[in-house]
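We count ligands from 1, going down the list as the structure has it; atoms in each ligand are counted the same way.
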Amino acid sequence: MFSPTPLMDDELYLEPSERFISRIGILTSGGDSQGMNAALRAVVRAGLHAGLQVYAISEGYQGMVQGGASIRRMAWHHVGGIMQHGGTFIGSARSSEFYTRPGRRQAALNLLRHGIEGLVVIGGDGSLTGANLFQQEWRVLLHELVQEGQLTQAEADAHPYIGLVGMVGSIDNDMFGSDMTIGADTALHRIVEAVDSIASTATSHQRTFIVEVMGRNCGYLALMASLATGANWVLIPENPPEQGWEDAMCEIIRAGRGTGRRHSIIIIAEGAIDRSGKLITSDYVRQVLTQRLREDTRVTILGHVQRGGAPSAFDRTMPTLLGYAAVRQLLRSAPGSEPQLIGMRNNRIRISPLMENIRKTQRVAELIKEQRYEQAMEMRGRGFVEAYQILRTLLRAQPRPPQSGQRQLRLLIMHADGPAPGMNTAVRAAVRLGLDKGHTMLAARDGISGLAQGDLAEIKWTDVHGWVSRGGAELGANRHATQAHEYALIAEHLRAQRVDGLLIIGGEMGYRFAYELHERRELFAEFKLPIICLPASINNDLPGTEVTIGADTALNTIQNNLDKLKEAALAARRCFVAEVMGYDCGYLALMAGLATGAERVYIPEEGITLDDLRRTVDLLVKGFQNGKRVGLIVRSERADLYYTTDFVATLLEREGGGELSVRRMILGNTQQGGRPSPYDRIQATRLAAKALDFLIQQILQGESGIGGIGRWEGKIQYTDLRDLPALMQPNAQRPRIQPWLNLRRVAQAMAEEPA
Ligand code: ADP
């Protein structure tokens with residue numbers, strides 16, 4: 001649920017005299033997870049940039065204990081072409097020997113023989129606990145080795161410490177100190193794909209499906225998957241259902257059938273329990289439903305599918321940034337200092353004491369065992385609790401009846417600007433949450449032009465059934481610049497429909513439309529109403545938010561296409577120049593470049609210079625001469641007015657001196673389509689809930705502001721849009737502040753081998 005744009009703020013390279021170590025080792029341990037390869041690649045490449053020697057230790061601690069060929073020095077090209085694969089390229093294992101003192105002693109000796117002075121460990125809390133123990137014992141282990149005669153005192157004295165940083169590789173997202181663990185987003189992709197598929201067959205047969213997902217102590221996957229798929233019931237370990245939950249569940253399923261819903265989905269975490277701490281199995285749930293509802297009920301246990309497949313875009317970009325930060329941290333931490341966890345918090349890299357995080361993580365499991373569920377939920381954080389509350393409303397079959405005496409508002413929802421994946425999800429959430437609060441929800445068709453023509457009507461709970469996962473925009477979304485005569489028409493329809501507040505789910509045109517209405521409020525009293533904009537655009541080009549709905553889906557679409565392109569190019573030893581969307585904003589291009597390992601990314605924020613093109617030709621020619629088989633340049637559609645995609649491709653081929661065979665590819669409108677990614681669905685739902693709260697609050701307080709809802713540093717915030725022109729770049733469709741631009745440095749470090 002976190003946007004892939006953490007900030008990096010300082011340089012990687014330190015002079016040899018400034019750094020504490022010169023050789024580092026990296027290993028992946030415990031259960032594997034998608035994205036471990038991206039982390040490995042980043043550590044190796046950032047390490048080489050920092051002037052370090054990097055050693056990969058294969059098969060986790062087992063390789064460390066074995067030594068020999070299990071510890072290999074890594075070169076730049078060793079980690080080329082691995083990022084798109086799931087699992088871990090250097091293997092992961094469980095090691096019983098590492099639990100023992102002699103095992104760890106042997107491991108220490110092996111590290112010492114290679115001169116390794118710092119370790120990067122990627123694994124779950126078990127692996128990280130082991131690493132911490134190893135680091136603490138280091139001196140004693142060396143002392144014992146000296147006593148055994150395996151080491152001289154002088155050798156031991158030369159290496160009094162081993163540095164340690166950890167990263168969490170776990171699909172469960174169960175670690176304190178990081179909002180997301182490496183692999184959790186991809187696991188969510190797998191689950192959501194599976195549930196979407198199950199939903200379609202369930203619909204055909206009017207069936208109920210119970211889907212069991214991983215998560216022994218953590219309900220993250222179950223909860224977020226439920227939110228993202230519109231599941232009808234969820235069972236998680238942190239918040240066991242009240243006694244008699246079986247009745248409540250059956251009632252919801254029965255009522256859903258009553259409203260014409262053709263399928264029901266129940267998602268259960270493998271560690272789900274009841275209030276007394278007893279495991280709730282998926283089979284038990286099936287029995288309950290079969291007996292009480294006499295329904296055809298099936299169970300699907302997703303199992304290892306969740307660990308498999310290509311990592312999502314997020315699970316390539318985030319581990320890349322974490323790996324980069326891990327090396328930086330190792331370089332800078334003083335000898336003997338406390339090991340740190342490299343994680344993400346509020347959309348920023350966060351470095352915090354490793355053991356403290358592990359203790360807190362284990363504390364949640366203890367709280368669950370002690371049946372102190374409220375505290376367990378609290379420790380999962382605000383986002384988790386909020387998501388749970390939203391889900392409780394959305395899974396209902398009908399809205400609750402309005403409270404007596406409550407003011408019933410009339411709220412209008414519309415789109416403006418082109419379609420973005422996640423728009424339907426946002427509309428569905430807004431409609432249902434609004435109805436549940438007792439208000440009347442209206443929807444305009446076909447955006448601004450539809451509104452001007454009076455194409456608006458009430459929208460009901462069941463009208464948005466199934467919208468959670470649908471791509472495109474069911475209400476219609478188009479790029480339409482408001483015509484002067486349309487304002488009067490719009491005013492008329494707002495008055496006729498007695499609209500109290502307006503929710504615009506759209507892109508830059510939607511934001512501008514809100515602004516224009518506000519500017520004309522003296523001309524048309526109807527425009528004196530609160531307007532909230534919910535950022536939905538694949539371009540990620542809106543102010544007041546670090547991420548827009550749709551961008552994550554587009555990024556994954558681009559990534560899938562570029563992966564295929566690279567495969568084809570690999571076979572034929574080719575370069576590709578790929579053009580991606582983004583209008584005046586280079587976000588998609590840069591993030592896609594980071595996620596696919598592009599050699600160079602061209603974005604409008606920087607433009608393209610001839611010097612740079614020359615450097616790129618040199619980089620590619622040198623690469624191909626050294627055995628490279630594929631080159632990828634990503635160019636944002638408006639990176640430069642004159643140096644077009646065709647021009648860049650032609651130039652590379654002409655100037656490549658016969659070394660480069662170049663093809664071009666314009667990805668086009670596929671980037672706007674497709675089912676929304678889990679992240680976009682979750683964000684769309686959460687932002688819609690917040691947008692609605694703001695809108696209602698403003699109406700009840702008699703205010704009539706215009707604002708954008710968004711996420712900034714991980715928090716949901718409201719931005720006053722009366723300042724819209726000042727928030728945007730003059731003469732360009734992108735905001736003034738673009739925190740992700742800082743990631744250019746990382747992208748470049750990953751693509752260019754140091755001299
Ligand atoms: P995860 O890291 O996914 O939680 P495990 O708990 O199985 O997976 O740990 C992986 C490996 O880490 C173990 O096989 C063992 O080698 C090492 N390890 C885990 N816990 C400890 C510990 N307390 N002391 C020493 N080594 C440990």
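In this structure, Trp138 contributes its side chain and His159 its backbone to a donor-acceptor pair below 3.5 Å.
Contacts of Lys369 classified as side-chain hydrogen bond (donor to acceptor under 3.5 Å, both in side chains), with partners at least two apart in sequence or in another chain: none. In this structure Asn556 satisfies the side chain to side chain contact (heavy atoms under 4.5 Å, CB included) test together with His189, Ser312, Ala313, Asp552, Gln559, Ser677, sequence neighbours excluded. For the side chain to side chain contact (heavy atoms under 4.5 Å, CB included) test, residues two or more places apart in sequence or in another chain that qualify with Gln371 are Tyr373.
A side-chain contact (heavy atoms from CB on, under 4.5 Å) with Tyr220 holds for exactly one of Ile171, Ile236, Asn173; it is Asn173.
With no hydrogens or angles considered, no side-chain donor-acceptor pair links Asp32 and Thr28 at under 3.5 Å.
Residues lining ligand 1 at a heavy-atom distance below 4.0 Å are given as Ser29, Gly30, Gly31, Tyr61, Arg94, Ser95, Phe98, Tyr99, Gly124, Asp125, Gly126, Ser127, Thr129, Gly130, Leu133, ordered by chain and residue number.
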